[in-house]
Amino acid sequence: MTAPVALVDCNNFYASCERVFQPALRGKPVVVLSNNDGCVIARSNEAKALGIEMGAPWLLHREKFERHGVIVRSSNYTLYGDMSARVMNILGRFTPDLEIYSIDEAFLGLGGFENRLETHAREMRRTVLQWTGIPVSVGIAATKTLAKVANRCAKKDPARNGVFEMLEAREIEGALSRMDLTDLWGVAGRMAARLGAIGIKTPLHLRDADPAFVRQRTNVVMQRMVMELRGVPCLALEDAVRDRKSIMASRSFGRPVTTLHELEEAVSSYAARAAEKMRRQSLACAHVGVFLETNRFRASDAQYNGSRGVRLPVASADTAKLAGAACRALRSIWKDGYRYKKAGVVLLDLVKTSTVQGDLWDSPDTPGNKRLMGAIDRLNAHYGRDTLAYAAAGHRKAWKLRRDHSSPRYTTCWEELLAV
DNA sequence: TCTGGGGTCCTAGGACCC
DNA sequence: TCTGGGGTCCTAGGACCC
């Protein structure tokens, strides 16, 4: 058998973070609101018990909240990010195989701890709580999908005290039998309906279905799910942090926006924010996307969704360039006469920048950076954009680069860059 | 007059290339 | 008269997750 996997999940993470810094909130219903205080994005157990739904619009439920003494907090992502880093840091002390899955969840490979899984998990839980004040739940199983199931049991069943080691067939069977399809990680309404139509109505049906049949009637993701439910790992633990494949900045507007000018301002600032995020990760992008949406909740409004991407000749992390590209894309999709609710900028085709290039974006005027940019511009003019994409930093066409690396065109290009 | 802001992966069709 | 086979890129959309 392969090594067991643990899923560690922070309980009601944002609400718990607020409580750490304001202990008076303990034992009380707490909700955290999205940007602009639009809707509920986190709830304490007490708030859940009041029937407050995830995503509930705050203004719509304001009176009910006040009646029940619900304590409301605007979100503070800087705080949550910091708390998350502390929790992950502690988890890293308990295994070398740590995959940070989201801001409040991590998968841990527990190879080598097989004979004391539960003890190890309890120790982990106790340490995180003691050092950060954040309560976590731990589910242990043979695969990631089953670890999710085990984690759910650990949370729901108070008798388990936050930890559930689910390795015996009887326990797996019992847990799955008490769940709906949509409780599974990776199955939501649409997929549950499709599965239902082919006779698969419960998690146990899915586990016992023929994988080839499931593949044929749905997709490869569901086929993997069948195997994962049987305890055969199909989703590897990814302990190396992967670079982002896209970076987005978007916002809903507080009131309908109708003019191109206002949208240009918004999109420019989103581009700047996204570019900042990108530079912090030492990335540059070769593709800038923009999208525009009207308010889909207002049936009386004419609806329009537009999106458009612009390809850059050279991967860049320069705010002015990206904002310029974003505004060009925006102008090509903007249509007069709509009431816009949301807009966003997406940076794609991300590439790791070298140290030199990393410095470049922040201090373009240094002699070395000027030389490098000069070389890239000359190459761009001389060879055309395909070749430039390689030269810039190993764009997603990188495989071509490997295949053709002996071609004179590529070699010249690369050597010229290296010579800078 | 209210309903977030990030992400990931998969599929499918058309353009284009050799 | 008939009409390959294999591949990439791009775009759009669907579905899901936290």
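All of these numbers come straight from a predicted model, not from anything done at the bench. Naming convention: chains lettered A, B, ... in sequence-line order (proteins, then strands); numbering from 1 in each chain.
Within the 4.0 Å cut-off from OP1 or OP2 of B:dC2, not a single side-chain nitrogen or oxygen of A:K341 is found. Not one side-chain nitrogen or oxygen of A:K342 sits closer than 4.0 Å to the OP1 or OP2 atom of B:dT3. Close to C:dC17, at under 4.0 Å from its OP1 or OP2, lies no side-chain N or O of A:K148. Put simply, A:R308 has no side-chain N or O that comes within less than 4.0 Å of OP1 or OP2 on C:dT11. In terms of phosphate contacts, A:R242 brings a side-chain nitrogen or oxygen within less than 4.0 Å of OP1 or OP2 of B:dC9. At the phosphate of B:dG4, neither OP1 nor OP2 sits under 4.0 Å from any side-chain N or O atom of A:R251. Phosphate proximity of B:dC10 to A:R224: present, with a side-chain N or O under 4.0 Å from OP1 or OP2. Dashed line: the shortest gap from a side-chain N or O of A:S246 to OP1 or OP2 of B:dT8 is under 4.0 Å. Residue A:R215 places at least one side-chain N or O closer than 4.0 Å to OP1 or OP2 of B:dT11.
Pair assignment for B:dG14 gives C:dC9, based on Watson-Crick or G-U wobble hydrogen-bonding distances that are each under 3.5 Å.
A stacked arrangement is not assigned to A:F297 and the six-membered base ring of B:dC2, the conditions of a centre distance below 5.5 Å and an interplanar angle below 30° not being jointly met.
Atom CG of A:L348 and atom C1' of B:dC9 are 14 Å apart (whole Å). Following rounding to the nearest Å, A:F253 (CZ) and B:dG5 (P) show an atom-to-atom distance of 10 Å. A:N219 places its CG atom 13 Å from the C1' atom of B:dA12, with the value rounded to the nearest Å. A straight line from CH2 of A:W58 to P of B:dT3 spans 13 Å, rounded to a whole angstrom. Atom CG in A:L347 sits roughly 12 Å away from atom P in B:dT8 (whole-Å rounding).
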Could you pull out all donor-acceptor pairs under 3.5 Å where a side-chain atom in residues 241-248 of chain A meets a protein atom, sequence neighbours excluded?
{"residue": "A:R242", "atom": "NE", "partner": "A:E238", "partner atom": "OE1", "Å": "2.9"}
{"residue": "A:R242", "atom": "NH2", "partner": "A:E238", "partner atom": "OE1", "Å": "3.3"}
{"residue": "A:D243", "atom": "OD1", "partner": "A:K352", "partner atom": "NZ", "Å": "3.3"}

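A salt bridge links A:R19 to A:E46: at least one charged side-chain nitrogen sits closer than 4.0 Å to a carboxylate oxygen. Between A:E276 and A:R279, none of the side-chain N atoms (NZ, or NE/NH1/NH2) sits under 4.0 Å from a carboxylate O, so this pair counts as no salt bridge.
Remark: the A:S74 side chain and the A:D37 side chain contain an N/O donor-acceptor pair separated by less than 3.5 Å. Residues A:R308 and A:S332 have side chains that bring a donor and an acceptor to within less than 3.5 angstrom of each other.
Atom name C1', nucleotides C:dG4 and B:dC16: the rounded distance is 16 Å, in whole Å. Taking the P atom of each, C:dT3 and B:dC17 are spaced 24 Å apart, rounded to whole Å.
Comparing B:dG5, B:dG7, C:dA15 against the side chain of A:S250 picks out B:dG5 as the nearest.
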